[in-house]
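To keep things clear, I will list the structure first and then write my remarks on it.
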Amino acid sequence: MFGAFRPTQANLGGLLWKTPWKLSRTRKANQRDRLKKVDDVIETVRASGVQCSALAEALLLPKEHEMLPRDKYTTFSPHERGYRKGIHKVPKFTRLTLRTNPKGF
Amino acid sequence: MNTLRNSMARTCQRTGTSFTSGFNRISSRQLSSTSQDSSSQPSSSSSTDNAPPSPSSQGYYKITLLRSAISLGERKKGTLTSLGIHRRMQTVYHPHSPEFAGKILAVKELVKVENVGKEEVRTKTEQRRERRPAKGFKVVDGLGNRDLEQL
């Protein structure tokens with residue numbers, strides 16, 4: 001407002017976008033529920049007795065109770081320090097499968 | 001072709017470690033032994049696999065869309081269209097087959113699936129009729145039953 005490249009403040013009428021660095025307890029619980037629901041879908045297809053390559057690949061994914069919290073709530077990022085970022089930073093993460101990360105990360 | 005597929009499936013069955021070299025955690029999932037057993041004769045299991053299921057034992061997938069595919073790309077949207085699903089909360093029934101299994105797994109994050117028998121399959125009209133509430137009255141007699149001379 002009083003110079004070039006000033007960041008706008010909310011109380012001066014600017015917009016505010018804040019994303020927390022990590023997920024809250026509620027969001028983590030919801031994420032676990034979502035993982036369990038996908039596990040149920042894969043389990044249902046497995047129980048139907050049908051065989052296909054998609055099912056073989058899906059059965060290699062870890063189940064929710066086998067995953068580390070690190071894998072449930074964060075995902076690989078080549079740009080961040082530590083090579084991990086919050087999974088909520090990935091667009092559409094609630095509708096994507098992001099269970100595995102590159103080996104060693 | 002079939003023996004290759006069956007041998008691959010049996011390899012998956014024994015342990016998941018052969019495929020997990022690129023993953024952090026070793027999965028403990030294993031394929032079920034309902035349809036196949038690694039100790040059983042390969043020729044008999046492959047012949048029962050190739051035979052189509054009898055009409056009474058044919059199972060169905062009851063697929064309900066819970067989350068939309070908006071912004072997920074044309075592939076996933078196309079998969080839902082091919083499943084016959086047009087809107088959220090729509091329920092669709094499809095027979096058990098590798099094609100439909102693959103389609104379900106392509107959209108597994110969006111969908112809820114149940115295995116049902118043939119008697120539970122409903123068409124769209126039948127589902128709509130079942131959703132109708134009971135009328136609350138019963139028609140005992142009407143004008144259609146009267147003699148025409150009495151009117």
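From a predicted model like this one, the values you see are computed outputs, not experimental measurements. Proteins get letters first, then strands, A, B, ... in listed order; numbering begins at 1 in each.
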Atom NZ of Lys112(B): over 12 foreign heavy atoms under 6.0 Å:
no
Can you confirm whether more than 12 heavy atoms, excluding those of Tyr83(A), are under 6.0 Å from its OH atom?
no
So what's closer than 4.5 Å to chain A heavy atoms on Ala106(B): side chain, backbone, both or neither?
neither
Say you draw a straight line from CG of Leu105(B) to CZ of Arg46(A); how long is it, rounded to the nearest 0.5 Å?
12.5 Å
Return yes when atom NZ of Lys37(A) has more than 12 non-hydrogen atoms of other residues, nucleotides or ligands closer than 6.0 Å, and no otherwise.
no
Are Ile104(B) and Tyr60(B) co-members of a hydrophobic cluster defined by side-chain heavy atoms under 4.5 Å apart?
no
Hydrophobic cluster identity match, Tyr93(B) and Val111(B), side-chain contacts under 4.5 Å:
no
Counting only heavy atoms closer than 4.5 Å, note whether Glu99(B) contacts chain A via side chain, backbone, both or neither.
neither
Using a 4.5 Å heavy-atom cutoff, which residues in residues 88-97 of chain A come close to chain B?
Lys92(A), Thr94(A), Arg95(A), Leu96(A), Thr97(A)
Do Leu55(A) and Phe100(B) share a hydrophobic cluster, counting only Ile, Leu, Val, Met, Phe, Trp and Tyr and linking them when any side-chain heavy atoms are less than 4.5 Å apart?
yes
Select one option (side chain, backbone, both, neither) describing which atoms of Ser97(B) are under 4.5 Å from chain A's heavy atoms.
backbone
Any chain of hydrophobic side-chain contacts (each under 4.5 Å) joining Leu80(B) to Leu72(B)?
yes
Between Asp40(A), Val41(A), Thr44(A), Val45(A), which has the largest tally of heavy atom pairs under 4.5 Å with chain B?
Thr44(A)
Among Gly102(B), Gly59(B), Ala69(B), Ser71(B), single out the residue with the greatest number of heavy-atom pairs under 4.5 Å to chain A.
Ser71(B)
